[in-house]
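Below you'll find the structure, written out as structure tokens, and then a few comments.
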Amino acid sequence: MKQILLGNEAVARGAYEAGVKFVSSYPGTPSTEITETIAKYKEIACEWAPNEKVGAEAAIGCSVRGGRAMTCMKHVGMNVCADPLFTVSYSGVNAGLVFCVADDPGMHSSQNEQDSRHYARSSKIPMFEPADSSECKEFTKYAYEFSEKYDTPVMIRLHTRVSHSRSLVDLEEPKPIEIKEYIKDSKKYVMMPANAIGKHVVVEKRTAQIVADADANPESVFNKIEMRDTKLGIITAGASYQYVRDAVPTASVLKLGLVWPLAENTIKEFASKVDRLVVVEELDPFLETEIKAMGVECEGKALFTLLGEYSTRMVKAALTEEALPKAAIDVTKLPTPPGRPPVLCAGCPHKGLFLALHRLNANVTGDIGCYTLGALPPMQAVDTVICMGASVGMAHGFDKATDGEASRNTVGVIGDSTFLHSGITNLMNAVYNGSTMTLIILDNSITGMTGHQQNPATGMNIRLEAAPAVSLELLCQSVGVMPEAIRVVDPVDTFGCQQVIKEEMAREAVSVVIARRPCALIPTGRAKKGVEVHVDLEKCKKCGACGKIMCPALIMSKDKTPMIDPETCNNCGLCVNVCKFNALEKGEE
């Protein structure tokens, strides 16, 4: 049977057909749909982990015990799980173990463009890179055989275009895979120095063997040589292969399926058959650098860019003398469309909180999530964003940089899921080391930015079954925050929030403000249809204060008369709270 699938869905299908027993991941665009799709296969134990390190370690445990396992993440999540990643390369596996990592060229939903191939090289773990959905499934299935054959974890590198593009996939029934016997073997699985020294030797031999086998039979690792016109030869992989095939269909191509370690003899043989060799790869010159180190002359980044995504048009412009087709319309003469800056959703619980911080003129160390938009108008409240959990540690650092003076006007802001991901240890550190910081936890009852996944505080698991819910209040107390220094507010009450935050910033200790209201896009945070804010035109002074909150549901006429879009309004009441003339009224709850 054939079916059109997203690349991520095809990876999930490959895991299912390979008899995977367990998948543990943390959501992160563009990888999220892999685990969400796997959750639909009841035969696979599947979960959202609090962070990528936890997910990786759980998957490693399953593999060692004898069950095929997988963990999935976006590229920055690979940073979080790097600790176990590097050492499991030494220990090896029992049952097959696969790490799926999705890079994000162009930073569609990320804070950087890091290239995960460097992790494969530095951890000495083989990496496959599929180019379409069909390869996503086949590479994933084969990765488990490869993992068990060479006693190694395997990485599958995806990126936004492959993860979120659809193509035809052949569906097959899964083969029954028995749980492998677990045999105690401390020399294999206990990485104390005496054992690890010997295992490093094994890892280097393993890499050499993989290269030798790939050279002996390139197709066994999905490397594919397509000989055509020998004037131009191109080495490429993944989505770049698709651009190459469309842009220069007459060129000879070495398409790499195994992007680490590289099949050196195969590359040299291909290079010897073409007059000009070009490497086409997005992000870093990873392949180009390695190929040049082999003594093979090639071109690469001098023709292209280190930044963002490539396209067929870009490759064609760089590699052919053929004139590019002219557009029917001269786009240079078209009027510039109006800007459409990203905004928080109508009814978003974060907006009232950030408006309060803006009025307080607070220094705000921010974090990763929807609330990063708190840096934009009208809130303009977030000063820094680095990585998951950094808001807490940076607020503590502000305190230490000024001997406590800066903390009087400094807060860290973090979401509930991000706090559970990597904020807890930073909060514990701040308490332990006598900080005077204030932390605001934006508890919107969901993992919002990645598409509304559950987390340990929501009371449901990945399959929406009831699960124990972490109490953020008790958790903060358990790491040393005083009970009286933990306050809960409704962020829509923006002026009430302002007063509470002001009080807590003056406290000479670590304090926590939990801003609790469900995300406006989940059922518990959504108003009933037909219930929206109403405008009393007789009371309205046309002052424009409500318009300054930039709510998508509130439209201002030219004379500053507010109008409510009933299809968009979530009846949260933020605009009601900022109106000083009672001209706005909430609808019935």
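The analysis underlying the following values was restricted to heavy atoms, covering all of them including side chains, and did not include hydrogens, waters or symmetry mates. Quick caveat: nothing in here was measured; it's all calculated off a predicted structure.
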Candidate pair Glu473 and Arg516, rule salt bridge (charged side-chain N to carboxylate O under 4.0 Å, His left out), full reasoning
CA-CA 11 Å; Glu473 293 94 319; Arg516 179 166 287 149; 2.8 Å; yes
Thr458 side chain to Gln454 main-chain N or O, any donor-acceptor pair under 3.5 Å?
no
If you take all heavy atoms of Leu5 and Ser133, which pair is closest and at what distance?
O-OG, 2.8 Å
Please report the closest heavy-atom contact between Leu521 and Cys345, naming both atoms and the distance.
CD1-SG, 3.9 Å
Value for CE (Met78) from NE2 (His118), rounded to nearest 0.5 Å, stands at 13.0 Å
For Thr71 and Ser24, what are the C-alpha separation, side-chain angles and deciding distance, and is it a side chain to side chain donor-acceptor pair (under 3.5 Å)?
CA-CA 5 Å; Thr71 184; Ser24 183; 5.7 Å; no
Measure from the side-chain N and O atoms of Lys351 to the backbone N and O of Ile549, and report whether any donor-acceptor pair falls under 3.5 Å.
yes
Among Tyr241, Tyr243, Phe304, whose ring pair (Phe, Tyr, Trp, His ring centres under 6.0 Å) with Tyr310 holds?
Phe304
Look at the side chain of Asp367 and the backbone N and O of Gly389, then say whether any donor-acceptor pair between them is shorter than 3.5 Å.
yes
Might you work through the side chain to side chain donor-acceptor pair (under 3.5 Å) test for Gln114 and Asn79, ending with a clear yes or no?
CA-CA 10 Å; Gln114 74 183 48; Asn79 302 331; 3.0 Å; yes
Can any side-chain N or O of Gln477 pair as donor or acceptor with the backbone N or O of Leu474 at less than 3.5 Å?
no
Closest heavy-atom pair and its distance - Pro27, Thr450
CB-OG1, 3.6 Å
Donor-acceptor pair between Glu309 and His159 side chains, under 3.5 angstrom
no
Side-chain donor-acceptor contact under 3.5 Å, Thr160 with Asp104
yes
Applying the side-chain contact (heavy atoms from CB on, under 4.5 Å) criterion to His421, which one of Ile368, Ile414, Asn455, Val80 satisfies it?
Val80
Is it the case that more than 12 heavy atoms not belonging to Phe495 sit under 6.0 Å from its CZ atom?
yes
If only atom types and distance count, is the side chain of Glu281 paired as donor or acceptor with the main-chain N or O of Phe286 below 3.5 Å?
yes
List the atom of Lys301, the atom of Pro285, and the distance in Å for their closest heavy-atom pair.
CG-CB, 3.6 Å
Could you tell me which non-hydrogen atom of Cys72 sits nearest to which non-hydrogen atom of Ile34, and how far apart they are?
SG-CG2, 3.6 Å
Rounded to the nearest 0.5 Å, how far apart are OG of Ser163 and CG of Leu6?
8.5 Å
Presence of salt bridge, Asp115 and Arg157, under 4.0 angstrom:
yes
Less than 3.5 Å apart, any donor N or O on the side chain of Thr37 or Glu9 sitting next to an acceptor on the other?
no
Between Cys46 and Ile462, which heavy-atom pair has the shortest distance, and what is it?
O-CG2, 3.4 Å
Taking NZ, NE, NH1 and NH2 as the nitrogens, is one of them in Lys53 or Glu57 under 4.0 Å from a carboxylate oxygen of the other?
yes
Can you find a heavy atom in the side chain of Val101 that is under 4.5 Å from one in the side chain of Tyr119?
no
Determine whether the side chains of Ser435 and His396 contain a donor N or O and an acceptor N or O closer than 3.5 Å.
yes
Does Glu508 have more than 12 heavy atoms from other residues, nucleotides or ligands lying within 6.0 Å of its CD?
no
Is the backbone N or O of Thr29 less than 3.5 Å from a side-chain atom of Lys74, with the two atoms forming a donor-acceptor pair by type?
yes
Between Asp443 and Ala515, is there a donor-acceptor pair closer than 3.5 Å when you use the side chain of the first and the backbone of the second?
no
Classify the side-chain pair Arg359/Thr494 by whether it contains a donor and acceptor separated by less than 3.5 Å.
yes
Over 60° means perpendicular and under 30° means parallel, so tell me whether His350 and Tyr371 are parallel, tilted or perpendicular.
perpendicular
Under 3.5 Å donor-acceptor, Ser417 side chain and Thr447 backbone
no
Hey, does Asn8 have a side-chain heavy atom less than 4.5 Å from the side chain of Leu158?
yes
Determine whether a donor-acceptor pair (N or O, by modelled atom type, separation under 3.5 Å) exists between the side chain of Asn433 and the backbone of Asn429.
yes
Could you grab the distance from atom CE of Met437 to atom CG of Asn426, nearest 0.5 Å is fine?
8.0 Å
Short question: side chain of Glu585, backbone of Asp536 - any donor-acceptor pair under 3.5 Å?
no
List the steps, then state whether side chain to side chain donor-acceptor pair (under 3.5 Å) holds for Asp399 with Thr436.
CA-CA 7 Å; Asp399 173 67; Thr436 54; 2.7 Å; yes
